[in-house]
Amino acid sequence: MVSRVIPVDPFDLVIFGGTGDLARRKILPGLFRRYMAGQMPETARVIGASRSEPSDAEYRDFVRAAVEEFVTEDRDDAALSQFLERLHFVSIDAKGEGGWAQLADLVRDDVIHAYYFSVAPSLFGDLAERLHKHGLADNNTRIVVEKPFGRDLGSAKALNATLAQHFDETQIYRIDHYLGKETVQNLMAVRFGNVLFEPLWNSQYVDHIQITVAETVGVGGRGAYYDKSGAMRDMVQNHLMQLLCLIAMEPPSRFSPDSVRDEKLKVIRALDPVMPHHIVRGQYDGDGDTVSYREDAENARSLTESFIAMKINVSNWRWAGTPFYLRTGKRLKARTSEIAVVFKDAPHSIFGEEAGRHRNILTIRLQPNEGMTLGVTIKEPGPGGMRLIDVPLDMTFADALGPDAEEAPEAYERLIMDVIRGNQTLFMRGDEVEAAWAWTDPIIEGWEGRGEAPKTYDPGSSGPEDAQMLMHREGRRWRDIRD
Ligand code: NAP
């Protein structure tokens, strides 16, 4: 089984921030992978832009080094040289007028032009305004906007309003790279492409749902930036919220951008406010090998959380009574992202008490080893009577799909190709982002108003003890964090 790669239409992609970290690690290597896969048409061009002044040749050297560092699988060096020929660089300050005329000369009128705003959000408005002013915005234009999209409802609204002055909503692609992950899309395929799960996908059969995104790294070099944000703004408001939406949403009538996004929006609007005792915030401590969060953030009095666990209720017909537990943090014991749908006990055990309590759990792993596992109860083999054990029905994509799984594009590459195709399904709509902030703001204001300090937790642990208690006191427990 070899996946079909359909080339996209010819395009010019301008990367503002083309010399930055994101461009170097993700965007440019991702584009090269799509080039190697035959998805980028021969006439496509990529134009880096920032205040630096490298020549085209110097920029190509920069991109070659980035590709050599980050495309570690089989690399076609002849293809790399051809890919580099498609690259150009223009020196532009988002806040100045220089360079725009040169960019206008380079960008072709008769192909799709996409502008990737891979710069600080404070520059998004300047870029939108100048693209318009210099005649670079027309019906063929798309803009790609990176996170963070605001830091509260007010700033997100202001940003939406600024972009809306110059671009139609159908031209704005707000990236949440979690939505570009293969497993996340498979979540929709599994839910809506099989009859098996959907009848059980509700509070009658699901006891609770856990979403965990755990990292082993600390905030390191990003400490000062992270300290103004914290886990709630950096992870929950966007990535975990998107995962929750895809799990909880009603089946859209079709797999089209607005049908899917309408359903996600309904979920966000159905979220109850979260009670303070349903939230546990944490900050990692130091040990002999690693420094504490406060040292990383260079802020000895920091009240910012590097960990958060919370219980969320979705108040609608399908989910009332089935809590969603979310947990994310840094410097935890393993790097893993997973969603676990924990089903209820069978209503009656014909095997008696001694057979034990067994639950079906559907685990959807985003990383590592993308795939799904369904825990099924069977008889323990052997002559020892009817004793029950749980075994996994395992569908690790790499095993199930062979080379196709290896060839699956990474999140950024897939999303960039979707931009060129004009498909907004996997991008957040403006009202979705605002609804997410409208739910998030009072929670943050609550703990800020109370001056609450996060609990400390040991590096390499599962977070603060109170996070375990959040579930224990309700007779549930978190799944182990492991890779
Ligand atoms: P970065 O490494 O600091 O790069 C910033 C880029 O912006 C550089 O190319 C810089 O080049 C350019 N720039 C700065 N001021 C400019 C101006 N006035 N006019 C034009 N260009 C300007 O930042 P990054 O990590 O790549 O992040 C870029 C965006 O992606 C941010 O919004 C960030 O939040 C988001 N993001 C990043 C990551 C990541 O993993 N890095 C992940 C998710 C989201 P010059 O100095 O040459 O102008």
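Residues take their numbers from the sequence shown, with the count starting at 1.
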Verdict with supporting geometry, Phe197 and Arg191, side chain to side chain contact (heavy atoms under 4.5 Å, CB included)
CA-CA 6 Å; Phe197 298 107; Arg191 276 195 66 192; 5.6 Å; no
Taking it one step at a time, do Ser315 and Asn313 satisfy side chain to side chain donor-acceptor pair (under 3.5 Å)?
CA-CA 6 Å; Ser315 269; Asn313 293 318; over 6 Å; no
For side chain to side chain donor-acceptor pair (under 3.5 Å), just list the numbers for Ser259 and Asp262, CA-CA rounded to whole Å, side-chain angles, deciding distance to a tenth of an Å, and then say yes or no.
CA-CA 5 Å; Ser259 306; Asp262 286 348; 5.8 Å; no
Test log, rule side chain to side chain contact (heavy atoms under 4.5 Å, CB included), inputs Leu131 and Ile143
CA-CA 10 Å; Leu131 282 171; Ile143 59 167; 4.2 Å; yes
Before giving the answer on side chain to side chain contact (heavy atoms under 4.5 Å, CB included), spell out for Phe324 and Leu271 the whole-Å C-alpha distance, their side-chain angles and the decisive distance to 0.1 Å.
CA-CA 10 Å; Phe324 286 66; Leu271 300 181; over 6 Å; no
Evaluate the criterion salt bridge (Lys or Arg N to Asp or Glu O under 4.0 Å) for residue pair Asp431 and Arg261; output intermediate values, then yes/no.
CA-CA 9 Å; Asp431 52 1; Arg261 298 186 299 177; over 6 Å; no
Determine whether Glu169 and Arg429 satisfy the following criterion, salt bridge (Lys or Arg N to Asp or Glu O under 4.0 Å), listing intermediate values before the conclusion.
CA-CA 8 Å; Glu169 181 63 31; Arg429 209 168 52 192; 5.8 Å; no
Could you walk me through whether Glu97 and Arg130 pass the salt bridge (Lys or Arg N to Asp or Glu O under 4.0 Å) test, one step at a time?
CA-CA 8 Å; Glu97 304 305 331; Arg130 284 182 175 75; 3.0 Å; yes
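Remark: Phe343 pairs with no residue by the ring pair (Phe, Tyr, Trp, His ring centres under 6.0 Å) rule, at least two apart or across chains. Not counting sequence neighbours, the partners of Pro392 by the side chain to side chain contact (heavy atoms under 4.5 Å, CB included) test are Thr373. Here Arg294 pairs with Gln283 under the side chain to side chain donor-acceptor pair (under 3.5 Å) rule; sequence neighbours left out. The side chain to side chain donor-acceptor pair (under 3.5 Å) check on Arg421 picks up Asp418, with sequence neighbours excluded. Evaluation of the side chain to side chain donor-acceptor pair (under 3.5 Å) rule for Arg51 yields no partner, not counting sequence neighbours. Applying the side chain to side chain donor-acceptor pair (under 3.5 Å) rule to Asp285 yields no partners; only residues at least two apart in sequence or on another chain are considered. Residues satisfying the side chain to side chain contact (heavy atoms under 4.5 Å, CB included) criterion with Leu388, sequence neighbours excluded, are Phe351, Ala355, His358, Thr377, Met386. For Tyr173, the ring pair (Phe, Tyr, Trp, His ring centres under 6.0 Å) partners at least two apart in sequence or on another chain are Phe427. Scored by the ring pair (Phe, Tyr, Trp, His ring centres under 6.0 Å) test, Phe32 finds Phe83 as partners (sequence neighbours excluded).
With a 4.5 Å cut-off on side-chain heavy atoms, Arg34 and Ile416 do not count as touching. Counting heavy atoms from C-beta on, the side chains of Leu136 and His113 never come closer than 4.5 Å.
With 3.5 Å as the limit, one finds a donor-acceptor pair spanning the side chains of Tyr284 and Asp296. A side-chain donor-acceptor contact under 3.5 Å links Tyr457 and Ser306. There is a side-chain donor-acceptor pair under 3.5 Å between Glu146 and Tyr116. Using modelled atom types and a 3.5 Å distance limit, the side chains of Arg174 and Asn160 yield a donor-acceptor pair. With no hydrogens or angles considered, a side-chain donor-acceptor pair links Glu370 and Thr183 at under 3.5 Å.
In terms of heavy-atom proximity, Cys245 sits nearest to Ile268 at SG-CG1, 3.5 Å. For the pair Thr304 and Gly230, the tightest heavy-atom approach, listed with the atom from each and the gap, is CG2-CA, 3.4 Å. Looking at every heavy atom in both residues, Gly17 comes nearest to Ala23 through O-CB, 3.5 Å. Heavy-atom minimum distance, Ala435 versus Leu265: CB-CD1, 3.6 Å. For the pair Arg335 and Thr216, the tightest heavy-atom approach, listed with the atom from each and the gap, is N-CG2, 3.5 Å. Residues Leu426 and Met188 come closest through the heavy atom pair CD2-CE, 4.2 Å.
Using the six-membered ring where Trp is involved, Phe124 and Phe117 have ring planes that are tilted, between 30° and 60° apart. Between Tyr178 and His239, the two ring planes are parallel [angle under 30°; tilted spans 30° to 60°].
For Thr328 (side chain) and Val213 (main-chain N/O), a donor-acceptor pair under 3.5 Å exists by modelled atom type. Put simply, the side chain of Ser91 gets close to the backbone of Ser52: a donor and an acceptor are under 3.5 Å apart. Side-chain atoms of Gln424 do not come within 3.5 Å of backbone N or O of Pro257 as any donor-acceptor pair. With hydrogens and angles disregarded, a donor-acceptor distance shorter than 3.5 Å links the side chain of Glu305 to the backbone of Ala231. In terms of modelled atom types and a separation under 3.5 Å, the side chain of Trp439 and the main chain of Asp272 share a donor-acceptor contact. The backbone N or O of Ala156 lies less than 3.5 Å from no partner atom in the side chain of Trp437, so there is not a single donor-acceptor pair. With Thr440 contributing its side chain and Gln237 its backbone, the two residues share no donor-acceptor pair below 3.5 Å.
A side chain to side chain donor-acceptor pair (under 3.5 Å) with Tyr325 is found for exactly one of Arg476, Lys311, His278, namely Arg476. Exactly one residue among Glu338, Arg327, Arg479 makes a side chain to side chain donor-acceptor pair (under 3.5 Å) with Thr212. That residue is Arg327.
Every pair passing salt bridge (charged side-chain N to carboxylate O under 4.0 Å, His left out) that includes a residue from residues 220-233 is listed here, sequence neighbours excluded: Arg222-Asp234. Within the structure, salt bridge (charged side-chain N to carboxylate O under 4.0 Å, His left out) pairs that include any residue of residues 175-189 comprise Glu182-Arg414 (at least two apart or interchain).
The environment of Lys147 atom NZ is dense: over 12 non-hydrogen atoms of other residues, nucleotides or ligands sit within 6.0 angstrom. Surrounding CD of Glu298 are at most 12 heavy atoms belonging to other residues, nucleotides or ligands under 6.0 Å away. More than 12 heavy atoms of other residues, nucleotides or ligands shown are found within 6.0 angstrom of CZ on Phe192. Heavy atoms from other residues, nucleotides or ligands lying under 6.0 Å from NZ of Lys344 number more than 12. Counting non-hydrogen atoms of other residues, nucleotides and ligands closer than 6.0 Å to CZ of Arg359 gives a total above 12.
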For residues 460-473, please give each side-chain donor-acceptor pair under 3.5 Å, one per line with the distance, not counting sequence neighbours.
{"residue": "Ser461", "atom": "OG", "partner": "Asp458", "partner atom": "O", "Å": "2.6"}
{"residue": "Ser461", "atom": "OG", "partner": "Gly463", "partner atom": "N", "Å": "3.2"}
{"residue": "Arg473", "atom": "NH2", "partner": "His277", "partner atom": "O", "Å": "2.6"}

